[in-house]
Q: 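Right, I'll just put the structure down here and ask away after.
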Amino acid sequence: MSEDDNNMDEYPSEIHDYLTAFEKSLGSVDEMLKTMMSVSRSELVQKLDPLEQAKLDLVSAYTLNSMFWVYLATQGINPKEHPVKQELERIRTYMNKVKEITEKKKASRLDKGAASRFVKNALWEPNAENEHTSKTPAKGKKRQ
């Protein structure tokens with residue numbers, strides 16, 4: 001009997017696919033953590049601007065607390081009744097604030113000088129020649 005066959009006896013076959021996917025996800029998390037841990041935090045932060053540093057810190061805190069949430073669930077503790085829930089909500093609030101700041105940075109800014117020149121040039125201004133002849137703007141010069 002192989003090890004897989006022996007493990008199949010320990011849990012219902014209906015959850016085999018779920019457990020396989022979970023194991024694959026854990027492997028992905030492990031690889032990401034190894035990558036993150038391979039570079040010192042000071043080196044990593046040195047290359048980032050303050051907004052990116054805040055994003056990194058928030059994602060790290062959220063990830064750690066989420067993993068603790070999962071740990072609590074595996075231990076039979078209801079994480080919804082644990083202080084970790086409030087911590088996740090607090091971190092999520094800050095993530096939303098950072099997202100708002102990022103969106104404001106990306107929003108197009110109005111160049112007031114260019115806008116005033118555009119409006120000024122788009123408006124019709126009468127000159128001495130057609131001030132006496134017409135009250136409406138001319139489409140082109142009159143032929144005489």
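Here the structure is a predicted model, which means the values were calculated and not measured.
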Q: Starting at OG of S38, measure out to NZ of K34 and round the result to the nearest 0.5 Å.
A: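 If I round to the nearest 0.5 Å, the distance is 11.0 Å.
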Q: Flag yes if Y94 and V59 sit in one hydrophobic cluster, no otherwise; membership is Ile, Leu, Val, Met, Phe, Trp, Tyr, and two members link when side-chain heavy atoms are under 4.5 Å apart.
A: yes
Q: Rounded at 0.5 Å granularity, tell me how far CG in L44 sits from CG in L56.
A: 5.0 Å
Q: How about K120 and R117: do any of their side-chain heavy atoms sit closer than 4.5 Å?
A: no
Q: I need the Q46 CD to L48 CG distance, nearest 0.5 Å.
A: 10.0 Å
Q: What is the distance from atom CG of L58 to atom OG1 of T93, rounded to the nearest 0.5 Å?
A: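 Between atom CG of L58 and atom OG1 of T93 there are 10.5 Å.
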Q: Using residues 69-84 as the side-chain source, report each donor-acceptor pair under 3.5 Å to any protein atom, sequence neighbours left out, with the distance given to one decimal.
A:
from, atom 1, to, atom 2, distance (Å)
T74, OG1, Y71, O, 2.6
N78, OD1, K80, N, 3.1
N78, ND2, E81, OE2, 3.4
H82, ND1, V84, N, 3.1

Q: Do the side chains of K106 and E103 get close enough for a salt bridge, i.e. N-O under 4.0 angstrom?
A: no
Q: Measure the CE-NZ distance between M95 and K55 for me, rounded to the nearest 0.5 Å.
A: 10.0 Å
Q: Under the side-chain contact (heavy atoms from CB on, under 4.5 Å) test, which residues partner E89, sequence neighbours left out?
A: K85, R92
Q: Under the rule for salt bridge (Lys or Arg N to Asp or Glu O under 4.0 Å), what residues qualify as partners of K104, not counting sequence neighbours?
A: none
Q: Is there a side chain to side chain contact (heavy atoms under 4.5 Å, CB included) between D49 and Q53? Walk through the geometry before answering.
A: CA-CA 6 Å; D49 66 356; Q53 289 176 17; over 6 Å; no
Q: Rounded at 0.5 Å granularity, tell me how far CG in D30 sits from CE in M37.
A: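 Rounded to the nearest 0.5 Å, the CG-CE separation comes out at 11.5 Å.
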Q: Can you find a heavy atom in the side chain of M67 that is under 4.5 Å from one in the side chain of V29?
A: yes
Q: Would you say I101 and Y62 are hydrophobically clustered, going by side-chain heavy atoms of ILVMFWY under 4.5 Å?
A: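 In one cluster with I101: Y62, yes.
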Q: The criterion is salt bridge (Lys or Arg N to Asp or Glu O under 4.0 Å); which residues satisfy it with R41, sequence neighbours excluded?
A: D57
Q: The criterion is side-chain contact (heavy atoms from CB on, under 4.5 Å); which residues satisfy it with E43, sequence neighbours excluded?
A: V39, S40
Q: Which residues pass the salt bridge (Lys or Arg N to Asp or Glu O under 4.0 Å) test with D17, sequence neighbours left out?
A: none
Q: Report yes if the side chains of L51 and K105 come closer than 4.5 Å at any heavy-atom pair, otherwise no.
A: yes
